[in-house]
Amino acid sequence: MSKIKNFFKNISPLNNRTEMPMILYIIKVIIIFWFVKFGSELIGEAIVIGLHFICGKNPLKGEMFDPGTIMLITYYGYGIMIGVMFLYWKLFQKKTLAELGFTKKACAYFVGAFAGLVLIIVSVVSVGVTGALTYHGLFSDIDYIYIFLMLGGFICQGAMEEVLCRGIVLQLLKDKTRIPVVVSVSTALFIIPHLDKMTEEGAGIIIFAIINLILISIIFSLLTLRMNSIWATCGLHTIWNFTLYNILGLNLSGNNGATAAVLNMSSEGSNVLNGGSYGIEASAVTTVVLSAALILFYVVSRYTEKSVEKKELLN
């Protein structure tokens with residue numbers, strides 16, 4: 001009986017125990033991921049429902065804000081989820097924000113943002129060259145205020161996913177097991193919540209969507225490990241999503257094109273070149289771009305490491 005009790009204490013997400021067999025610890029981290037994800041979502045949704053009542057609306061009777069406002073509330077609600085995750089990290093894991101990946105290197109956020117901008121531009125242009133995307137010009141009535149507000153929402157959304165996958169999961173595992181295991185677990189947990197948006201697509205598009213999720217997750221994980229911080233990945237994640245959705249007006253991970261965007265672009269048909277309704281994140285062309293980016297990142301990282309080693313030897 002004591003063994004069973006000890007087993008459940010070990011895997012409980014409400015403590016910071018680490019002394020256990022590695023496979024059991026990995027299971028514990030996976031449980032922590034879902035516990036924090038569902039817990040923060042539940043608290044966030046409760047606050048959103050309460051906000052409706054405060055504003056004189058009864059969601060139980062179908063009284064809701066307009067779709068644009070709902071989207072803003074949803075995306076800024078991710079900020080509430082981040083706050084819940086911070087509390088969990090502090091109260092139950094008893095660790096600092098720096099140990100979560102929010103080091104003093106906050107300027108790395110802009111490095112990641114620039115990298116994300118380059119990646120999305122190269123991906124979209126490459127898909128466009130194949131004829132699978134069409135550019136119709138600028139929208140005639142652009143709601144710049146709403147687009148700016150969505151940028152804030154995407155800052156919260158991108159950071160929330162990174163805090164979960166490259167923050168909580170990766171930081172808990174990186175000093176306990178091998179890097180391939182760390183990256184694999186983080187990647188699997190990153191992919192699973194995205195799968196429900198792929199159900200309406202054909203097998204080819206689904207396969208490329210999963211491959212691209214694996215590639216971008218590996219890039220996020222290696223970038224986090226390389227910089228010992230999640231600032232850059234937060235920036236990259238945010239700018240990729242925001243540019244794709246509110247600047248280019250294209251589908252984002254299965255979500256239809258934004259209600260407010262700058263450029264009027266659309267997919268031509270549904271195929272593995274444009275990713276169908278899932279968007280270019282399920283495109284075979286994007287697979288090539290992300291693969292090239294991953295190889296480039298690896299080469300640059302190895303070159304940098306060798307340069308540092310040479311300097312240390314000379315000194």
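No experiment lies behind these values; they were computed from the predicted model shown. For reference, positions follow the sequence shown, starting with 1.
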Side-chain donor-acceptor pair under 3.5 Å between Asn212 and Thr287, yes or no? yes
Does Ser186 use its side chain to pair, donor to acceptor, with the backbone of Val182 at less than 3.5 Å? no
Using the rule that two of Ile, Leu, Val, Met, Phe, Trp, Tyr join whenever any of their side-chain heavy atoms come within less than 4.5 Å, decide whether Met160 and Phe38 are in one cluster. yes
Is Trp240 reaching over with its side chain to a backbone N or O of Ile120, donor-acceptor style, under 3.5 angstrom? no
Please test Ile73 against Phe65 for side-chain contact (heavy atoms from CB on, under 4.5 Å), starting from the C-alpha separation and ending with a verdict. CA-CA 9 Å; Ile73 291 173; Phe65 291 112; 3.5 Å; yes
If you round to the nearest 0.5 Å, how far is CE of Met64 from NZ of Lys57? 9.5 Å
For the residue pair Val181 and Leu173, establish whether any side-chain heavy-atom pair is separated by less than 4.5 Å. no
Between Val169 and Leu164, is the side-chain contact (heavy atoms from CB on, under 4.5 Å) condition met? List the steps. CA-CA 6 Å; Val169 173; Leu164 263 177; 6.0 Å; no
Can a donor-acceptor pair be found, under 3.5 Å and without considering hydrogens, that links the side chain of Tyr88 to the backbone of Ile32? no
Ile43: which other cluster members, linking ILVMFWY side chains closer than 4.5 Å, directly or transitively? Ile47, Ile80, Val84
Hey, what's the ring geometry for His237 with Phe220, parallel, tilted or perpendicular (30° and 60° as the breaks)? parallel
How long is the gap from CG on Leu170 to OG1 on Thr187, to the nearest 0.5 Å? 9.0 Å
Sequence neighbours left out, what passes ring pair (Phe, Tyr, Trp, His ring centres under 6.0 Å) with Tyr144? Give chain and number order. none
Between CG on residue Leu195 and CD1 on residue Ile206, distance to nearest 0.5 Å: 9.0 Å
Quick one: salt bridge (charged side-chain N to carboxylate O under 4.0 Å, His left out) partners of Glu161, sequence neighbours excluded? none
Shortest non-hydrogen contact from Ala261 toward Gly249: CB-CA, 3.6 Å
Is there a side-chain contact between Met227 and Thr103 in this structure, where contact means two heavy atoms from C-beta onward sitting under 4.5 Å apart? no
Nearest heavy-atom pair of Arg166 and Ser217: which atoms, and what distance? NH1-OG, 2.9 Å
Ring centroid separation for Phe102 and Phe86, is it under 6.0 angstrom? yes
Distance-only, no hydrogens or angles: does the Asn58 side chain make a donor-acceptor pair with backbone N or O of Glu63 under 3.5 Å? no
Note, Leu24 side chain near Phe7 side chain (heavy atom, < 4.5 Å): yes
First locate atom OG1 of Thr286, then atom CG of Leu273, and finally report the distance between them rounded to the nearest 0.5 Å. 10.0 Å
Surrounding CZ of Arg178 (heavy atoms of other residues, nucleotides or ligands, distance under 6.0 Å), is the total greater than 12? no
Between Trp89 and Thr96, is there a donor-acceptor pair closer than 3.5 Å when you use the side chain of the first and the backbone of the second? yes
Are the side chain of Ser12 and the backbone of Phe8 linked by a donor-acceptor contact shorter than 3.5 Å? no
Roughly how far apart are Asn228 CG and Leu223 CG, rounded to 0.5 Å? 11.5 Å
Relative to each other, are the rings of Phe190 and His194 parallel, tilted or perpendicular (30° and 60° limits)? tilted
If you take all heavy atoms of Asn10 and Glu19, which pair is closest and at what distance? OD1-O, 4.4 Å
Go through the steps for Glu99 and Gln93 under the test side-chain contact (heavy atoms from CB on, under 4.5 Å), then give the verdict. CA-CA 10 Å; Glu99 291 174 295; Gln93 292 303 316; over 6 Å; no
Are Leu51 and Tyr78 connected, step by step, through hydrophobic side chains (Ile, Leu, Val, Met, Phe, Trp, Tyr) whose heavy atoms are closer than 4.5 Å? no
Measuring only between side-chain heavy atoms, which start at C-beta, is Lys176 closer than 4.5 Å to Met22? yes
Show, in sequence, the C-alpha distance, side-chain angles and deciding distance for Asn246 and Leu151, and conclude whether the side-chain contact (heavy atoms from CB on, under 4.5 Å) test is met. CA-CA 8 Å; Asn246 286 110; Leu151 173 59; over 6 Å; no
Considering only heavy atoms from C-beta outward, does the side chain of Tyr298 approach that of Leu222 to under 4.5 Å? no
Sub-4.5 Å side-chain heavy-atom contact between Met20 and Asn6: no
Please tell me whether Val129 and Val288 are part of a single hydrophobic cluster in this structure, the criterion being side-chain heavy atoms less than 4.5 Å apart. no
Is the shortest heavy-atom distance from the side chain of Lys37 to the side chain of Ile168 under 4.5 Å? no
Honestly curious: do Ile31 and Val163 fall in one hydrophobic cluster under the side-chain, below-4.5 Å linking rule? yes
With a 3.5 Å distance limit and no angle check, can you tell me whether Thr238 reaches the backbone of Gly235 through a side-chain donor-acceptor pair? no
Report, as yes or no, whether the 6.0 Å neighbourhood of atom CG on Leu91 holds more than 12 heavy atoms from other residues, nucleotides or ligands. yes
Nearest 0.5 angstrom please: Thr243 OG1 to Phe154 CZ, how far? 9.5 Å
Kindly say whether His136 contributes a backbone atom to a donor-acceptor pair with the side chain of Asn264 at under 3.5 angstrom? no
Looking only at heavy atoms, which two atoms of Glu281 and Asn241 are closest? And how far apart? OE2-OD1, 4.1 Å
Keeping Tyr146 on the side-chain end and Gly68 on the backbone end, is there a donor-acceptor pair under 3.5 Å? yes
Nearest heavy-atom approach of Leu119 to Ala293 is CD2-CB, 3.6 Å
Specify the closest pair of heavy atoms between Ser266 and Leu250, including all atoms of both residues, with the distance to one decimal. N-CD2, 4.0 Å
Determine whether a donor-acceptor pair (N or O, by modelled atom type, separation under 3.5 Å) exists between the side chain of Tyr135 and the backbone of Leu263. no
Applying the 4.5 Å side-chain criterion to the ILVMFWY set and letting contacts propagate, would Ile191 and Trp34 be lumped into a single cluster? yes
I'd like to check Phe33 versus Cys165 (side-chain heavy atoms, cut-off strictly below 4.5 Å). Are they in contact? yes
